[in-house]
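The structure under discussion appears below in the form of structure tokens.
Both counts, for ligands and for their atoms, begin at 1 and track the order of listing.
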Amino acid sequence: MDLCKKMQDSAMSQFHKELAACSNEELYCMLLDLTKELMKDAPEITGDRKLYYISAEFLIGKLLSNNLINLGIYKDVKEILAANGHSLADVEEAEPEPSLGNGGLGRLAACFLDSIATLELPGNGVGINYHLGLFHQQFKDHKQNEQPDPWMTNESWLNDKEKYYTVHFKDFDVQAHLYSIDVIGYTHKKNELLLFDLDTADEGIVENGIDFDKTQIEKNLPLFLYPDDSDENGRKLRVYQQYFLVSAAAQMILEDVKANGWPLSELSDHVVIQINDTHPSMVIPELIRLLVEEGMDIKEAIGQVEKVCAYTNHTILAEALEKWPESYLLQVAPQLMPIIEELDRMAKERDSNPKTAIIDDSRTVHMAHMDIHFSKSTNGVAAIHTDILKHTELNDFYKLYPEKFNNKTNGITFRRWLEACNPQLTDWIISKIGDGFLKDAEELNLLMPYAQDAKAQQEVLAIKAEKKKELAEFLKKRQGVEIDPDSIFDIQVKRLHEYKRQQMNLLSVINMYQEIKNGYVPPKKITVIFGAKAAPAYIIAKDIIHAILVLSDIIANDPVVSKYLQLVMVENYDVTCAEKLIPAADISEQISLASKEASGTGNMKFMLNGAVTLGTDDGANVEIHELVGDDNIFIFGTDSDTVIDHYAKADYSSAKIMEEDSKVADLVNFLVSEEMIALGDEENLRRLHHDITTKDWFMALLDLESYMNERKKVYAAYEDSSKWASMMIVNIAKAGFFSSDRTIAQYNNDIWNL
Ligand SMILES: *Cc1c(COP(=O)(O)O)cnc(C)c1O
């Protein structure tokens, strides 16, 4: 049936109105229903070998546009709405963003689901249906304030699968209730994101921001992603969530296998489980436990599971490698301990080195160690990251299992990060090289000749200018701030973490502020934009946000400096916001301390949208650098080997740098200047100052001078608009490698074999 008639009929039957008379909310509900119906009819992707991508988070973003694109009706819907006086962009605003994830790891999982379906591989996501997300960030008195982030409305993308799985905790049982969200690929075939929930969840126990009683497990379990783990009850709740997810998942997977009539002895022929970081690691012992319950010999069960599971490592930060005291596991799911003990015994038989033990001398269980010993593959997420895993961080394991280690450089889905968020650039690319790149991203290389084409340069600059205007309108509406679309947009958006070094960016902005005050006039106005959530219990991260917000007001209040410089921090950085910020960026700030950012995926999104990277040789920046060459990127800072050496020798001292470099000292001391303290909170500012001067664990001061120098070079380069546009085009042309379709094809070839 023709789409226009269908939309008109739906409007009439649901709201008794003509399309033209519907509100944006009504149109959203109508399109949600229509899309869900079309997806229901889409063929499922099937096969006799199936992937389960299990993850604590899926940062899926709004789904309407993406689903319309993948169903092939995006343009038609847009035109029909326009013909009736509506804009699809306005309708999209009525959609709440699902709060099922928090940062890069969750966004990666979401991009992967899109690519898995697009490549027509049978593979489902498996996760938890958090009711209130991580948190909704608000700024109050220059500080981050956390509120619940509810997203489920009566009408949502969720489907009730009407299935329950009993999860046994030590003191009680719960019923995991299965929901799903359809994941439609670009060829209109579908997989699912499977999400477990609890009917007994009670949002009423949340009070005063995001505080709640952490001991009422049946009520609180699916409420929040990463509940505050600064106390013991918070940490135990995380173990409850993890066991809940893996136990329900393992039961469901075995049920699927049986429903297909496959014997459990052939489990590893039919099932592969990709463990996304260590949060779902307990799926290994849980699956073994269930197989033994089914009558399988434990040795055989371990052998099967070892062939079924594969593990992705996302970080080398020691504090992020999860380990749980045995006492927690004994309180939550004691039935797992005999299995983990057996795995530990076998691991110790394979290697007597205490550094690879699963259970250490203080009876702590190391999740990553269990993953590496008892899965078939361990992968890092960018070339440099995998190298560091092999040769430094996980070297003891690499020597034991060289064949298990492999690299899968992350990727992003171009459907969302180009087609949906930047239709103007997409159309421009199609006008130059046709639409083949939408299926084979490497075809973007065909754009290379246009880098030197004056007309093409003018065109990409014009598109960027349009996206900057759109961002200015978006921020005005969303947050009430006005930014100047004629200024340079210099953007750092990502989770707030000291290793990502937002504090280094902040110190450099202090330098810009002081220079302008002292009479230096930059060639063009600069708008520095931050967006970042800090974990609620991460004190220094929140202090950095505080300092940014205070400095932002100091600059805005200065009648001279504000003509040349603006500092903005966007509230509640999420996917919706990323989709507006990234297409509008001139400069992509990727300034992590070399060796610390496993990959990054923000860097890829910016590049694809024609931003030029200012960054360190870290994570996937290294691969971006190799692809675009020295002339189309701005790289600075200490290299990863030197950084690793500083840690090994413990010879880094921020105090020493401040002693030797009075300029750096002045910038750091500005944090506790009268100006800052007059507007901000002295305790917060002093704590941040103290941390940087006495510790600076992620070495912001090490690279500050070279960062400030390189930043000046970027701003100078921007003045040559033809050269700048050619850099933009080279970045777009070389971004094909970072399509998650490529990443997924590699996972499938090397690990999944679907
Ligand atoms: C891509 C993305 C991230 C990851 O950004 P990095 O710069 O790679 O850390 C985090 N949050 C959102 C909303 C994203 O879209």
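- With respect to the salt-bridge test (charged N to carboxylate O, under 4.0 angstrom), the residues D741 and K439 do not qualify.
- In this structure, H546 has no ring-ring contact (aromatic ring centres under 6.0 Å, His included) partners at least two apart in sequence or on a different chain.
- Every residue was checked against the side chain to side chain donor-acceptor pair (under 3.5 Å) condition with Q502, not counting sequence neighbours, and none meets it.
- Of the residues listed (L608, L418, T743), the one engaging I412 in a side chain to side chain contact (heavy atoms under 4.5 Å, CB included) is L608, and it is the only one.
- For N67, the side chain to side chain donor-acceptor pair (under 3.5 Å) criterion is met by no residue, not counting sequence neighbours.
- Closer than 4.0 angstrom to ligand 1 lie heavy atoms from L59, G103, G104, R107, W417, V493, K494, K500, Y573, D574, V575, A578, G600, T601, G602, K605.
- A side chain to side chain contact (heavy atoms under 4.5 Å, CB included) with Y186 is found for exactly one of L71, T118, D114, namely T118.
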